[in-house]
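Reminder, nothing fancy here: chain letters follow the sequence lines and each chain counts from 1.
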Protein chains: 2
Amino acid sequence: MYTVAEENYIKSIYHLQRHQKSVHTNDLAAELNTRAASATDMIKKLEAKGLLKYEKYYGCSLTKTGKKLALNIIRRHRLWEFFLSEKLGFGWEEVHAVAEQLEHVQSDLLTDKLDVYLGFPLFDPHGDPIPDTLGNMAAREQTPLSLWTSQAPAEVCGVGSQDESFLEMLSLKQLEIGCRLTVLRHFNFDKTVELQLATGSSFTISEMLAKNIFVKPVEV
Amino acid sequence: MYTVAEENYIKSIYHLQRHQKSVHTNDLAAELNTRAASATDMIKKLEAKGLLKYEKYYGCSLTKTGKKLALNIIRRHRLWEFFLSEKLGFGWEEVHAVAEQLEHVQSDLLTDKLDVYLGFPLFDPHGDPIPDTLGNMAAREQTPLSLWTSQAPAEVCGVGSQDESFLEMLSLKQLEIGCRLTVLRHFNFDKTVELQLATGSSFTISEMLAKNIFVKPVEV
DNA sequence: CGAAATATTTAGCCAAAGCTAAAAATATAT
DNA sequence: ATATATTTTTAGCTTTGGCTAAATATTTCG
Ligand SMILES: [Mn+2]
Ligand SMILES: [Mn+2]
Ligand SMILES: [Mn+2]
Ligand SMILES: [Mn+2]
């Protein structure tokens with residue numbers, strides 16, 4: 001159906017589109033570790049296939065068809081991440097790289113049977129929602145810890161990066177999905193955040209870290 | 001590491017090598033639904049990488065390294081087939097096509113964790129043995145039904161083709177791996193074989209079919 | 001506004017993996 | 001032992017998806 005390269009472009013465009021309404025060539029190239037010239041070429045190919053619309057020197061944005069494809073690829077990626085983590089015992093810092101390969105196995109039957117087998121999971125190991133067959137997915141309230149000013153306890157519900165060392169650091173600090181914490185203080189000097197776990201232990205984390213940890217109010 | 005094309009060539013050469021000691025360009029091209037010219041090109045590439053040795057106009061055969069790679073790909077293929085069949089509920093006629101894609105996901109960690117998760121299965125859904133990490137696998141006694149002359153009951157332990165309609169036909173006739181049967185008669189005229197299942201029902205199958213059903217003596 | 005900086009596209013390469021058609025080597029048959 | 005047939009290789013072309021360098025468009029800033 002679609003080549004691996006095409007699928008990777010579509011997925012990247014989809015992700016970039018959440019932030020900017022139109023996706024710029026340079027941003028796309030950066031996201032895919034390639035060059036602007038290559039991105040321009042592929043954009044033209046994808047436009048010819050009706051997956052996106054493109055205006056020279058301005059940028060591109062996915063069509064309905066393009067979005068549907070993107071959500072299907074994301075569905076495959078996150079279902080495999082869940083499988084690797086839940087069934088095979090991979091660490092959450094290991095699953096992304098393998099899922100990058102598995103997501104390109106094209107068989108809707110496989111995807112749907114996997115979904116059934118896993119019990120229709122709603123979130124992947126990083127807290128990202130898994131689209132269903134129609135592309136619908138749970139909305140996630142995602143307040144970065146850097147903006148959480150409430151005294152009330154918060155629950156970690158997602159992370160903003162797939163970087164291995166970032167995720168390893170979180171595991172080390174016992175900051176996993178579902179874990180409860182309270183923000184003790186935001187230091188103005190460098191935006192360091194001091195927090196306390198349910199276990200009682202308290203420590204500080206950098207602003208960079210705080211920006212990539214998403215929390216929500218603890219449900220009662 | 002290796003491209004999908006390279007892996008497919010290595011796997012095909014390995015399979016052809018069981019029959020002929022040296023693999024001929026035309027046979028390889030036929031196996032891969034490609035042309036002799038393309039096969040020649042790839043053979044040269046694989047020789048340069050040390051995976052096979054090649055003599056012009058004569059043929060090629062895998063080196064130690066090449067065989068090791070081939071067995072690893074076959075291991076991945078058969079483990080995925082087992083997974084699809086056992087865990088996801090795929091029919092045995094559906095698994096091969098999907099496994100053709102999954103086999104190219106390159107992660108030894110994934111392969112080994114999958115093996116553990118599946119409980120170190122010895123055979124895939126078609127009765128083919130699954131190599132372990134070192135490339136060792138169970139030897140299968142495989143007498144085709146066309147050559148089974150004994151009156152003693154036999155157990156189906158493998159099939160000689162992955163063709164979908166062939167496997168569907170077997171399912172229809174209740175001829176699955178592990179099933180018991182007795183050969184009633186070989187008809188000389190067209191080599192038709194008459195057989196009887198443990199259920200009591202008896203019927204005939206064509207020579208072509210009989211050649212692709214492997215049996216072994218029922219263990220007591 | 002106009003110059004400089006930045007972003008994007010175009011032009012012209014390259015490697016992988018396929019193809020056809022022609023040439024060359026090997027095998028077969030009279 | 002030739003002549004014919006078959007097999008294999010070579011040569012030259014195609015597509016996909018990269019790249020660099022140069023050209024062009026857009027944005028920013030003095
Ligand atoms: Mn991921
Ligand atoms: Mn990918
Ligand atoms: Mn198979
Ligand atoms: Mn394959």
Within the pair [X] and [N], is there a side-chain N or O less than 4.0 Å away from OP1 or OP2?
X	N	result
B:Ser38	C:dC19	yes
A:Thr40	C:dT9	yes
A:His24	C:dA7	no
A:Tyr57	D:dA23	no
A:Arg35	D:dG18	no
B:Asn26	D:dT6	no

Checklist entry - What's the CD-P distance between B:Glu55 and D:dT9, to the nearest Å? => result 11 Å
Item to check | Distance, rounded to the nearest Å, where A:Lys44 contributes NZ and D:dT15 contributes P | outcome: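 A:Lys44 atom NZ is separated from D:dT15 atom P by 16 Å.
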Checklist entry - When all nucleic acid strands are considered with a 4.0 Å heavy-atom cut-off, which category describes A:Thr25: base, sugar-phosphate, or nothing? => result sugar-phosphate
Checklist entry - Which part of the nucleic acid, if any, lies within contact of B:Ala39, taking any heavy atom under 4.0 Å across all strands shown: a base, the sugar-phosphate backbone alone, or nothing? => result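 The answer is nothing, as B:Ala39 stays clear of every strand by at least 4.0 Å.
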Item to check | Donor-acceptor side-chain pairing of A:Glu31 and A:His15 below 3.5 angstrom | outcome: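 A:His15 and A:Glu31 do not have a side-chain donor-acceptor pair below 3.5 Å.
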Of the nucleotides [options], which one has an atom closest to the side chain of [X]?
X	options	result
B:Thr3	D:dT9, C:dA17, D:dG18	C:dA17
B:Ala36	C:dT20, D:dT9, C:dG18	D:dT9
B:Asp41	C:dT10, C:dC19, C:dA16	C:dC19
A:Lys56	C:dA17, C:dT9, C:dC19	C:dT9
B:Thr34	C:dG18, C:dA17, D:dT16	C:dG18
B:Ala5	C:dG18, C:dT8, D:dT8	C:dG18

Item to check | Cationic tip of B:Lys87 above B:Tyr117 ring, under 6.0 Å, 45° of axis | outcome: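 Yes, B:Lys87 and B:Tyr117 form such a contact.
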Item to check | Ring geometry between A:Phe83 and B:Trp80 (parallel below 30°, tilted from 30 to 60°, perpendicular above 60°) | outcome: tilted
